[in-house]
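Side chains included, hydrogens not; waters and symmetry mates left out as well; all remaining heavy atoms used.
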Amino acid sequence: MYGFSHHRLVIYIIDYPLCYNSEYMKKILFVAHSPTLAGGGERSLLDMIIATKKHGKYDIHVSVPGDGALSRALSDNRISYSFATQSFSTTQSRVNISRWEGIANADSLIAAREVVEKIDPSLVVINTSVIPWFGHIAVLYGIPVITIVRELHGGKNEFNFLPSDALYMKNLQGYASYIAFNSEHTRETYKDSLDITDSFIVNPVVTIDKSYIETAASKPVFASPADPVSVFIIGNIAPHKNQLDAVKALNIIKQRDYTLNIHLNIMGPVFKDAYLNKIKTFISENKLQDSVSFIPFSDDPFPEFLKNDIVIMASHHEAFGRVTVESQLLQRVTIGAASAGTLEIIDDMSTGILYNPGSHEDLANKILWAIENKKQSQKIAINGRKSAISKYSADTAYKQFFIHIDKLLKLEVAKDMSAKESLYYEPLYALIERNLYMNEKLKEYAAHLENAIVEINKKQAVIDSGIKARTMRTVKSMVKRGSRT
């Protein structure tokens, strides 16, 4: 669970001045699920927000669950934002669910309500399906919601929806005016749990600084035969990202030809310590220490991409695979597992290379083919770049997104501000209101106690001063009487 805090804090940032009159513009509230830019979902959201701002038709505000790389990027792009705690409504186990998760959920609802009341949006766009709280609040006020689903469904992720999968899907369908998916494959995994008739696809737009694109074009893969072949894999270090598959493939290659000068670079934040230790144990047992490097994650990983010839997407259940597109844009040889969303991005042996998921042997074979057929590999890298530019540009990817935004905003749904009072009749919200009231009374009581303690200390000081004065007078009197005798 992410974002739990006993002390809820919402900080409002003054809107940046705009070059148009925002008074007559509809306001869109984007809701982020993470304060970082470590994952593809976070970076895709940032690109979507920036593209919506450039679209020029809407006033933009973003709710972020905490300070971090995302809020800094929003500041750099002069986009207003606020902080609001948001817990994930998921767990990795259905056993021993902590009571603190329920408290965190209540904090999330309270924070969401405060932001919605303060910002007064005409539309709420929620990034990922795991944070439903803004959706619950928005529907009470009659505000339309678009939820962008980026997670696969049906046991293909390492979490379970709470309180149950069926209830969670029912709630999601209830508050979302439209559900958008980041790929056809993602949508397909929900077809038995959600009505996806009116859903649409929003492929993430991948934006990379032009300087990197230009450097990539001037620095083709396998440019120098004297240089070692560099292989790159990036993502959260966790079992579902399958970094170990790449290490095992490297071991097979080394066993076939120990003279081959090849190096594997692994980059990403550690999501599972046990999995990282498993990888390091395999490296040690097979004496691969000189052939594998772990690189600290950076919010700007593109310079590392450019140091490598081959980029591997080893995840078998990748909903979309932003890294795959980034690799293509940077004209690297992209090798991906032939499954899930990767199949929508890579045209085998044309814009990338596919291998059988879970087969270290096949992955090793495809890496060796790329090395042994450098000219063809360079052509595949160039084709990959052309394909990524044409398929994942803002004009192409966000067309349906803007169409659906316009549809919702043209409905002119009257927001029901009486929802503030009706919350008292909703059992869950009534309990939250009661707890908030009790918190206020406890704070007042604590303040009274502090004031009372201050007054007691003052009176005690007066008493102590009087006692001290009387004692001194008595002592002096005794001294005088003693001197007379």
### Query
Would a distance-only check, ignoring hydrogens and angles, find a side-chain to backbone donor-acceptor pair under 3.5 Å from Asp209 to Ser211?
yes
### Message
Suppose we screen for side chain to side chain contact (heavy atoms under 4.5 Å, CB included). Which residues come up paired with Thr128, at least two apart in sequence or across chains?
### Response
His33, Val130, Ile131, Arg150, Glu151
### Query
Are Lys280 and Phe294 in a cation-pi contact, defined as NZ or CZ under 6.0 Å from the six-membered ring centre and within 45° of the axis?
yes
### Task
With side chain to side chain donor-acceptor pair (under 3.5 Å) as the test, would you mind laying out the steps for Asn265 and Asn308 before giving the verdict?
CA-CA 8 Å; Asn265 297 300; Asn308 293 271; 2.9 Å; yes
## Note on the structure
Asp198 and His404 have their tightest heavy-atom pair at O-NE2, 4.4 Å
### Summary
Correct closest heavy-atom pair for Pro121 and Leu29 would be CB-CB, 3.7 Å
### Task
Evaluate side chain to side chain donor-acceptor pair (under 3.5 Å) for Ser298 paired with Asp300, printing each intermediate quantity in order.
CA-CA 5 Å; Ser298 167; Asp300 182 11; 5.8 Å; no
### Query
What are the two closest non-hydrogen atoms of Met267 and Pro296, and how far apart are they?
CE-O, 3.2 Å
### Query
Is a side-chain donor-acceptor pair under 3.5 Å present for Thr351 with Asp347?
no
### Task
Enter the distance from Ile345:CD1 to His185:NE2 here, rounded to the nearest 0.5 Å.
11.5 Å
### Residues Lys118, Glu114: salt bridge by 4.0 Å N-O rule
no
### Query
Between the main-chain N or O of Ala338 and the side-chain N or O of Thr342, is there a donor-acceptor pair closer than 3.5 Å?
no
### Task
Would you please say whether a donor-acceptor pair under 3.5 Å links the side chains of Ser108 and Thr85?
no
### Query
Do Lys27 side-chain atoms and Ser122 backbone N/O form a donor-acceptor pair below 3.5 Å?
no
### Query
Within a strict 4.5 Å, meaning less than it, do heavy atoms of the Thr147 and Val145 side chains meet?
yes
### Task
List the steps and the verdict of side-chain contact (heavy atoms from CB on, under 4.5 Å) for Phe305 and Ile234.
CA-CA 9 Å; Phe305 273 87; Ile234 178 173; 3.9 Å; yes
### Message
Can a donor-acceptor pair be found, under 3.5 Å and without considering hydrogens, that links the side chain of Trp133 to the backbone of Ser87?
### Response
yes
### Query
Is the side chain of Lys53 donor-acceptor paired with the backbone N or O of Asn77 at a distance under 3.5 Å, no angle test?
yes
### Message
With no hydrogens and no angle check, just 3.5 Å: does a side-chain donor-acceptor pair link Gln328 and Tyr392?
### Response
no
### Query
What closest approach, in Å, do Pro144 and Leu123 show between heavy atoms, and which atom pair accounts for it?
O-CD1, 3.3 Å
### Task
Rounded to the nearest 0.5 Å, what's the gap from CE on Met25 to CD1 on Ile60? Could you check?
7.5 Å
### Query
Does Ile389 reach the side chain of Leu329, with side-chain heavy atoms less than 4.5 Å apart?
yes
### Task
Find out whether Val231 and Ile312 are in side-chain contact, i.e. whether some heavy atom of one side chain is under 4.5 Å from a heavy atom of the other.
yes
### Query
With distance as the sole test, does Tyr275 use its side chain to make a donor-acceptor pair with the main-chain N or O of Gln243 at under 3.5 Å?
yes
### Message
I'd like to know if Glu326 and Arg332 make a salt bridge, using a cut-off of under 4.0 Å between side-chain N and carboxylate O.
### Response
no
### Query
Are side-chain heavy atoms of Arg113 and Leu109 found at a separation under 4.5 Å?
no
### Message
Contact between Tyr398 and Thr52 at the side-chain level, heavy atoms closer than 4.5 Å - yes or no?
### Response
no
#### Entry: Presence of salt bridge, Lys57 and Asp406, under 4.0 angstrom
yes
### Query
Is there a side-chain contact (heavy atoms from CB on, under 4.5 Å) between Tyr445 and Leu449 once you walk through the steps?
CA-CA 6 Å; Tyr445 183 59; Leu449 283 177; 3.7 Å; yes
### Query
Can you find a heavy atom in the side chain of Asn203 that is under 4.5 Å from one in the side chain of Phe320?
yes
### Message
Please report the interatomic distance CZ(Arg43) to OG1(Thr207), rounded to the nearest 0.5 Å.
### Response
11.0 Å
#### Entry: Pairwise distance CD1(Ile405) to OH(Tyr178) - rounded to 0.5 angstrom
11.5 Å
Mind listing the side-chain donor-acceptor pairs of residues 167-176 below 3.5 Å, one per line with the distance, residues two or more places apart or on another chain?
| unit_1 | atom_1 | unit_2 | atom_2 | d |
| --- | --- | --- | --- | --- |
| Tyr168 | OH | Ser129 | O | 2.3 |
| Asn171 | ND2 | Leu167 | O | 3.3 |
| Gln173 | OE1 | Asp195 | N | 2.8 |
| Gln173 | NE2 | Asp195 | O | 3.2 |

### Task
Hey, can you tell me if Phe402 and His55 have their rings parallel, tilted or perpendicular (30° and 60° cut-offs)?
parallel
#### Entry: Criterion side-chain contact (heavy atoms from CB on, under 4.5 Å) on Leu264 and Ile266, from CA distance to verdict
CA-CA 7 Å; Leu264 173 64; Ile266 301 174; 4.2 Å; yes
### Query
So does Lys210 pair up with Glu214, basic N to acidic O under 4.0 Å?
no
### Task
Using modelled atom types only, decide if a donor and an acceptor are shared between the side chain of Asp165 and the backbone of Phe161 within a distance under 3.5 Å.
no
### Task
Would you sort out whether Asp245 and His316 count as a side chain to side chain donor-acceptor pair (under 3.5 Å), showing the intermediate values?
CA-CA 11 Å; Asp245 283 11; His316 305 167; 3.3 Å; yes
### Task
Report the C-alpha distance between Phe30 and His61 in whole Å, list the side-chain angles of each, state the deciding distance to 0.1 Å, and finish with yes or no for ring-ring contact (aromatic ring centres under 6.0 Å, His included).
CA-CA 6 Å; Phe30 285 89; His61 189 87; over 10 Å; no
### For Ile353 against Val333, the heavy-atom pair lying closest together
CD1-CG1, 4.0 Å
#### Entry: Residues Asp273 and Lys278 bridged, charged N to O under 4.0 Å
no
### Task
Any chance you could measure Phe200, atom CZ, to Gln400, atom CD, to the nearest 0.5 Å?
7.5 Å
### Query
So, does Ser63 use its side chain to make a donor-acceptor pair with the main chain of Val31 at under 3.5 Å?
no
### Task
For the residue pair Tyr190 and Phe181, categorise the inter-ring angle as parallel (less than 30°), tilted (30 to 60°) or perpendicular (more than 60°).
tilted
### Query
Which is it for Lys219 and Gln331 under the side-chain contact (heavy atoms from CB on, under 4.5 Å) test, yes or no, and what are the steps along the way?
CA-CA 9 Å; Lys219 186 183 178 184; Gln331 211 167 300; over 6 Å; no
### Message
Applying side chain to side chain donor-acceptor pair (under 3.5 Å) to Thr334 and Ser327, what does each step give before you reach the verdict?
### Response
CA-CA 6 Å; Thr334 309; Ser327 173; 2.7 Å; yes
### Task
Using a 4.5 Å cut-off on heavy atoms from C-beta on, say whether the side chain of Ile179 contacts that of Ile196.
no
### Summary
So CD1 of Ile201 and CD1 of Ile148: to nearest 0.5 Å the spacing works out to 11.5 Å
### Query
Are Asp76 and Leu74 close enough that some pair of their side-chain heavy atoms sits under 4.5 Å apart?
no
### Message
Which heavy atom of Gly336 sits nearest to which heavy atom of Ile346, and what is that distance?
### Response
N-CD1, 4.0 Å
### Sidechain-backbone polar pair: Arg187 side chain, Ser199 backbone, donor-acceptor under 3.5 Å
yes
### Message
Treating Asp309 as the side-chain partner and Ser230 as the backbone partner, does any N or O pair qualify as donor plus acceptor under 3.5 Å?
### Response
yes
